[in-house]
Amino acid sequence: PNGRTHNNLGVSLRQSGDLDAAIEQYRLAIRYSPDYLKARLNLGVALRKRGELEEAASQYEEVLEANPEFAEAHLNLANLLTETGNLEDAQKHYHQALSVRPDYSEARHALAMLLYRDSKTEEAIAQLRELLRMDPHSFEGHMSMASMASKTNDPRTAIDHYRSAL
């Protein structure tokens with residue numbers, strides 16, 4: 001048996017909505033290929049979708065223990081920590097994801113949203129500016145900048161970013 005094949009089957013099962021079967025395949029992938037971290041990451045994703053947040057976090061932490069530079073695991077753990085209200089640790093993991101992959105748009109956007117949620121608007125805007133510097137066509141980046149500009153009474157900037165998102 002091949003761990004990668006079980007993992008790939010798990011991905012397809014998860015995409016089809018069968019989380020239980022996907023989780024079973026990810027567990028088999030890990031059993032046959034314990035060093036295949038993508039399977040453990042995918043197990044965490046499926047467990048999170050099923051609402052098993054503690055076990056999902058544990059899977060992400062195991063990935064990071066094996067490879068502290070696995071940016072996607074930092075992002076997934078940060079998203080889960082944000083969801084559970086642990087904003088301080090979430091912010092650390094977003095920063096760690098970006099230290100590994102500075103061009104990781106999804107992590108930068110999520111960090112900006114967390115900062116904004118935590119009333120750190122200027123820091124959030126700085127992250128969005130950096131995201132748009134690296135990816136000038138980022139729909140999420142422009143929409144978030146427009147929304148923040150509207151809420152901070154800067155309609156001209158909001159209009160510019162809404163237009164850029166079109």
Examine distances only and state if a side-chain atom of Asp118 and a backbone atom of Lys120 form a donor-acceptor pair shorter than 3.5 Å. no
Distance-minimising heavy-atom pair for Ala158 and Ser150: CB-OG, 3.4 Å
Should the pair Arg50-Asp20 be classified as a salt bridge under the 4.0 Å nitrogen-to-oxygen rule? yes
Within one Ile-Leu-Val-Met-Phe-Trp-Tyr cluster: Leu111 and Leu87, side-chain cutoff 4.5 Å: yes
Supply the atom-to-atom distance Thr82 OG1 to Gln91 CD, rounded to the nearest 0.5 angstrom. 9.0 Å
How close do Leu131 and Gly141 get, heavy atom to heavy atom, and via which atoms? CD2-CA, 3.9 Å
What's the separation between atom CG in Leu128 and atom OG in Ser147, rounded to the nearest 0.5 Å? 10.0 Å
Examine distances only and state if a side-chain atom of Ser33 and a backbone atom of Ile30 form a donor-acceptor pair shorter than 3.5 Å. no
Main chain of Asp160, side chain of Ser164: is a donor-acceptor contact present, judged purely on distance under 3.5 Å? yes
What are the two closest heavy atoms between Ala110 and Tyr94, and how far apart are they? CB-CE2, 3.4 Å
Run the numbers on Lys38 and Glu72 for salt bridge (charged side-chain N to carboxylate O under 4.0 Å, His left out), then give the verdict. CA-CA 9 Å; Lys38 186 71 175 168; Glu72 193 176 352; 3.0 Å; yes
Test your reading of the model: is there a side-chain donor-acceptor pair from Tyr104 to the backbone of Ala71, 3.5 Å cut-off? no
Validation row: Glu106, Leu75 side chains within 4.5 angstrom (heavy atoms): yes
Measure across Ala112 and Ala124 and return the closest heavy-atom pair with its distance rounded to 0.1 Å. O-CB, 3.2 Å
Taken to the nearest 0.5 Å, the spacing of Glu65 CD from Arg40 CZ works out to 10.0 Å
Rounded at 0.5 Å granularity, tell me how far OG in Ser99 sits from NE2 in His74. 6.5 Å
Within-4.5 Å side-chain heavy-atom neighbours: Val45 and Tyr60: yes
Could you state the interatomic distance from CD (Gln25) to CG (Leu9), rounded to the nearest 0.5 Å? 4.0 Å
same_hphob_cluster(Leu64, Leu81) at 4.5 Å side-chain heavy-atom cutoff: yes
List for me each residue that meets salt bridge (Lys or Arg N to Asp or Glu O under 4.0 Å) alongside Glu55, sequence neighbours excluded, and say none if there are none. Arg27
Establish, from distance only, whether the side-chain atoms of Asp89 and Asn86 form a donor-acceptor pair under 3.5 Å. yes
With a 4.5 Å limit on heavy-atom distance, are the side chains of Glu83 and Arg48 in contact? yes
Using the rule that Ile, Leu, Val, Met, Phe, Trp and Tyr join whenever any side-chain heavy atoms are under 4.5 Å apart, tell me whether Ile125 and Tyr116 fall into a single cluster. yes
Residues at least two apart in sequence or cross-chain that pass side chain to side chain contact (heavy atoms under 4.5 Å, CB included) with Ala46, listed by chain then number, are Arg14, Leu19, Ile23, Tyr26
What's the verdict on side chain to side chain contact (heavy atoms under 4.5 Å, CB included) for Met134 and Arg108, showing C-alpha distance, side-chain angles and the deciding distance? CA-CA 11 Å; Met134 291 185 294; Arg108 192 163 303 280; 3.1 Å; yes
Please enumerate all residues that pass side chain to side chain contact (heavy atoms under 4.5 Å, CB included) together with Asn67, with sequence neighbours excluded. Leu37, Glu69, Phe70
Report the C-alpha distance between Tyr162 and His142 in whole Å, list the side-chain angles of each, state the deciding distance to 0.1 Å, and finish with yes or no for ring-ring contact (aromatic ring centres under 6.0 Å, His included). CA-CA 6 Å; Tyr162 282 129; His142 284 296; over 10 Å; no
Can you see which heavy atom on His109 is nearest to which on Ser144, and at what distance? NE2-OG, 2.7 Å
Pair Gln96, Arg101 - check side chain to side chain contact (heavy atoms under 4.5 Å, CB included), show working. CA-CA 9 Å; Gln96 287 174 307; Arg101 277 185 51 200; over 6 Å; no
Please round to the nearest 0.5 Å and tell me the distance separating atom CE of Met145 and atom CG of Leu132. 6.0 Å
Does one hydrophobic cluster hold both Val63 and Leu80, with members joined at side-chain heavy-atom distances below 4.5 Å? yes
Looking at Leu47 and Ala56, what are the two nearest heavy atoms and their distance? CB-CB, 4.0 Å
Hydrophobic cluster identity match, Leu41 and Leu98, side-chain contacts under 4.5 Å: no
